Structures are given as C-alpha cells and as structure tokens.
Amino acid sequence: MKLYDIIKNLDCQLHQEKNVDIKKIEFDSRKIENGTLFVAQKGEHVDGHKFIDSSIEKGAIAIVCEDLPKELVEDVVYIEVASSNHALGIMADNMYGHPSSKLRLVGITGTNGKTTTVTLLHRMFRMQGYHVGLISTIVNKIDEKEIPATHTTPDALRLNQLLSQMVEEGCEYCFMEVSSHAVVQERIGGLTFAGGIFSNITHDHLDFHKTMAAYIDAKRTFFDQLPSNAFALTNIDDRNGMVMVQNTKAKVYTYSLREMASLRCRIVENSFQGLLLKFSAEEWNLNNQEVSTQLVGRFNAYNLSAILGTAILLGIEPQQAMLLISQLKAAEGRFEYVIGKGITGVVDYAHTPDALENVIRAINDVRTSNQNLITVVGCGGDRDPLKRPIMAKIAAEMSDRLVLTSDNPRTENPDDILDAMEAGLSAEQKIHTVRITDRRSAIKTAVMMAQEGDVVLVAGKGHEKYQEINGVRNHFDDKEELHKLLDA
C-alpha cells in the first residue's frame, strides 16, 4: 500500500518525502522486515524511539515518530506526529480499509460488567441469526469461531485486523470491551463506533492511572469521541453516569434501577434460580413488563438493562429483545455455579472491591439464615496494591468465613500480597479468617469447612485457566477445582 494512502487524514509533517510502497506497519522493532513502516511509540517502560536506527537496519523504509532524530538516514521517510499512538490508530484504520465503518461497532466501558454485557449481546444477536463479532477479556470471536484474547482491548493494528476479518466473514455487528488503558493509549483511535455503553466506575487500575480523576477522565474520553450519529447509553445510578456523557455528540439514553430513565428496571424477585425483572420504557412501549432471567444478583439487573437498551437501539423489536433476555445464561466465570454434596460453589471473576462486594451481596440476598458463606479470595501481583486491604475487609465483613489465598502473584511474593490484604482486617475478623497461600489447598479447605446448604465463593480469577507465577502460566481452573471437590 502506498504511504500517502496509509497516512491519509493524519496530521503530520513529512521529512524526505516520498510515496513509497509499504508492506506492513509495525510498532515492535523485533518484527521489522524490508518495506516496513515503523511506529516509534513512547510506552510505560520502553521508548520506541530508541529502536529507530535498528529498525532501519532491519529494513524499515518509513518512520513515524514524535521526536525527529538529529540525523536522518538517506532514502528513509520520516513522519513527525504529535502522538505516535494516535497515528497508529489512524494508519491501521487506513491500512485495513476502515473496517469499523462497515459494521455496527458498539463499545462498553466501565469498571465492572463489561465482559458480561458484550458476551451476552454477542449471544443475543447470534440467536437472532446475525453474523456477529466479539472483542472481550475472555476471548475474541467471529460468530462462534474463537480467537484467543491477550488484552481487554487489543492494540490498534490487531484491532483493525480483527475487525477487517469480521467484515470479510460477513459480520454486521461487533461488541467490544473498551478498557481505560486502551483509551489513554489511543488503541481505539480511528475507529467508528455506532454506540457506547457506560456501566459504572469504582476503584481499579490506579497502578496505571494514579488517581481516580484520571481514571474517570479516561472513561469519559471514549464518549467524547463518539460521533453524532451514535448512541450513548449510560447508567445514571452511578454518580459518574451523566459525567460520562456531558460532552458527547452522541444521542444520550439512560438506564436505572432507582431513577427515572429512558429504560427503568425493577427487581421483583432475586433467587439462585435467577431474577424476575420489570422493565419500563415509554419511548419503546414497555410498561412494567416482566421477564424471568437466568442471571442472579442486582449487578446483573444493571447488566441486563444495558443489554436490553442496546439491543433495542440497534433495531431489535422490544418484545423480541425481552424474549431473548429470558434465554441468556451467565458469561463464563461470572457467577457460575458448581453444586454437589449439598454445597453451592460459585466462581466469579470479581477482582475489584466493588465487584467483590456486588457478588457477595448477590449471594447474601438469596441465601437463607441457615446457609453460611465461605469466601476464598486473593489479589493479583504487580497490580494496584491499594485495593488489597479493602477487598479483604469487604470479604470479611460480608462472609461468615474468609480464606485468603494467592491469585496471580506474577513477579511479587504471594505472602507480601497476603500481608497487605490481612492489614485490612480487624482483630475480630482475623479470628474468622484462614490464610493459605496455595490456591488449590485454599479452595479445598473452604469446601471442607462447608456444611450441607452452605455457599463457597471462589473469587478473583473466574474464566482464567491459569495461575501466573514468576512469568510462568501454570494450568489452574477454579471451576475445575470445585468440580473435583464436589463431585459435580
């Protein structure tokens, strides 16, 4: 592809200008070959500008950079930009033929609920017979074909490649998680969204954003960038719900369990068998219409509200959307059951204070006074350390017994992580807490503690099939461990 076509609509300054043929775009200098355009990005830990010379030696014929080298290599085109991250998004979109504009791309951002929402939207539209793409924390999909996911939101090149593949295979819709990292790093630059959803904002990722204000601003930026012909669907029960859409050009719709909104939801019944909900939406001719669902907990009432609203905004007839809602099952690793020996095991990905509180509250809302809750939880290493004592405190306050254990320690000493969690507990709470570093042993101990009728919650890893220790991912599946112990 010609360079001028790749940099179309990019605000840049060319040096040693020449409309060369570009074979591929790369931001990883290790993957350079002859005819490559190399994008020098300033990362968290590494500055790609350091690899400009070596990239040219390997065959790069064009360089995108924020800081122009003092000496320019002859016959190499230099493209000077304000942001290499932004430039990569624009160029990737051009390289792959603007794939996001050829289907209806809907993004969801927020702390909790992203994976459940996009996964169930994907299922709903597949049930309607559409060809649909999915980009999520768990997996990327083109219809039912799975493509492993490495990040919540892929890099701009991979993202456009995926979307292009979806278009080629006939996808009409794509539902995508939009992480705050992706917004700040401009991985979604150049994409055309048909709609955006906001779920909620709670304590998370402060290791990256440093402050809650910066975290909130990252989420809001996504809505700031939506076009005028898109929709923005926001949860107004969250105190930042309207903050998200205050500057958006998109048409704003709201959903709520407490306030007057475009879509109002009320919980009629909540049990381990699921939720009975009533929905009202004057614009969509829904008037306290009931639907029985297979999902449990107040947090899922919010997720289902977002799903219903999005489906209707994308053209599914409201009554049909309600019918489809009743048929949806939980996403993998999100409040999944394992029942055996009279004990209910629950596996959930809850790895933030708010998510943990939500899932425990969902259990407490439906268990009887005779049923004890034993919670197994840890915190990931090399991630926000501030949430560790908070999560332990929440689990201790809301459970009958607590087992603190290792999550994905990564490069940290797991006992240091447990020390930080334990620091959040009072002396009385420590009496009801067991600390077991080995996760398999911790889950086994929790099940041994349980009596018939009790509930064992294993939180933090959900769908993950590994435990990462010192850079090595060892096979580990919370649900698999519960199945073994409960003979389910």
Side-chain angles (χ1 to χ4, degrees), residues 44-45 111 137-138 150-152 181 202-208 333 338 345-357 359-360 373-427 429-450 456-485:
E44 282 184 79
H45 307 294
T111 306
T137 302
I138 298 176
T150 56
H151 294 81
T152 300
H181 292 68
T202 60
H203 186 117
D204 198 19
H205 299 307
L206 296 195
D207 54 320
F208 177 79
V338 178
V346 178
V347 172
D348 195 274
Y349 187 54
H351 61 286
T352 67
D354 185 66
L356 184 62
E357 182 176 346
V359 73
I360 295 177
L373 171 61
I374 303 155
T375 297
V376 181
V377 67
C379 288
D382 303 332
R383 298 294 186 270
D384 182 6
L386 298 178
K387 67 183 180 183
R388 295 171 184 174
I390 300 171
M391 288 181 66
K393 182 181 180 183
I394 288 169
E397 287 177 346
M398 301 180 71
S399 311
D400 297 292
R401 298 293 301 274
L402 172 61
V403 181
L404 295 179
T405 190
S406 185
D407 190 285
N408 290 317
R410 299 184 177 88
T411 64
E412 281 194 70
N413 183 329
D415 287 312
D416 291 343
I417 299 172
L418 292 178
D419 287 343
M421 294 188 75
E422 205 168 12
L425 304 179
S426 67
Q429 287 170 339
K430 288 179 182 178
I431 295 171
H432 302 285
T433 300
V434 179
R435 172 174 164 162
I436 302 172
T437 305
D438 180 74
R439 192 173 182 88
R440 183 172 285 109
S441 299
I443 296 171
K444 183 177 181 179
T445 300
V447 170
M448 290 173 65
M449 287 180 184
V456 175
L457 167 64
V458 183
K461 288 174 55 57
H463 63 280
E464 293 178 348
K465 303 292 191 294
Y466 62 85
Q467 186 177 34
E468 186 175 338
I469 304 171
N470 290 323
V472 178
R473 290 190 170 187
N474 306 287
H475 176 77
F476 196 94
D477 184 338
D478 286 348
K479 192 166 65 170
E480 186 180 288
E481 295 302 315
L482 280 176
H483 270 288
K484 289 176 187 174
L485 294 164

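Hydrogens, waters and symmetry mates are skipped; everything else that's a heavy atom, side chains included, is used. Nothing here was measured: the structure is a model prediction, and the numbers come from that model.
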Inter-residue atom distance Tyr349.OH - Thr137.OG1, 0.5 Å rounding
5.5 Å

Say you draw a straight line from CG of Asp354 to CD1 of Ile390; how long is it, rounded to the nearest 0.5 Å?
11.5 Å

Taking the side chain as every heavy atom from C-beta outward, state whether Leu402 and Val377 have any atom pair closer than 4.5 Å.
yes

For [X], enumerate each residue passing the side-chain hydrogen bond (donor to acceptor under 3.5 Å, both in side chains) test, keeping only those at least two apart in sequence or located in another chain.
{"X": "Asn413", "answer": "none"}
{"X": "Thr375", "answer": "Ser399"}
{"X": "Glu412", "answer": "Arg388"}
{"X": "Glu480", "answer": "His475"}

Does [Y] offer a backbone N or O that forms a donor-acceptor pair with the side chain of [X] under 3.5 Å?
{"X": "Asn408", "Y": "Arg410", "value": "no"}
{"X": "Asp478", "Y": "Val347", "value": "no"}
{"X": "Lys465", "Y": "His463", "value": "yes"}

Kindly indicate, with the supporting measurements, whether the criterion side chain to side chain contact (heavy atoms under 4.5 Å, CB included) is fulfilled by His351 and Arg383.
CA-CA 11 Å; His351 61 286; Arg383 298 294 186 270; over 6 Å; no

Could you list the residues that satisfy side chain to side chain contact (heavy atoms under 4.5 Å, CB included) with [X], not counting sequence neighbours?
{"X": "Glu481", "value": "Arg440, Ile443, Phe476, Lys484"}
{"X": "Thr411", "value": "Asp382"}
{"X": "Asn474", "value": "Ile469, Val472"}
{"X": "Ala392", "value": "Leu404, Met421, Leu425"}

Holding to salt bridge (charged side-chain N to carboxylate O under 4.0 Å, His left out), I want the full list of residues that pass it with [X], two or more places apart in sequence or in another chain.
{"X": "Lys479", "result": "Glu336"}
{"X": "Lys430", "result": "none"}
{"X": "Asp416", "result": "none"}
{"X": "Glu464", "result": "Lys461"}

What's the verdict on side chain to side chain contact (heavy atoms under 4.5 Å, CB included) for Ile436 and Val434, showing C-alpha distance, side-chain angles and the deciding distance?
CA-CA 6 Å; Ile436 302 172; Val434 179; 3.6 Å; yes

Any side-chain donor near an acceptor of the partner, Asp438 and Thr405, under 3.5 Å
no

Would Arg439 and Asp407 count as a side chain to side chain contact (heavy atoms under 4.5 Å, CB included) if you check the C-alpha gap in whole Å, the side-chain angles of each, and the deciding distance to 0.1 Å?
CA-CA 7 Å; Arg439 192 173 182 88; Asp407 190 285; 4.2 Å; yes

Between Asp419 and Arg435, is a side chain to side chain contact (heavy atoms under 4.5 Å, CB included) present by the stated rule, with each step listed?
CA-CA 10 Å; Asp419 287 343; Arg435 172 174 164 162; 2.7 Å; yes

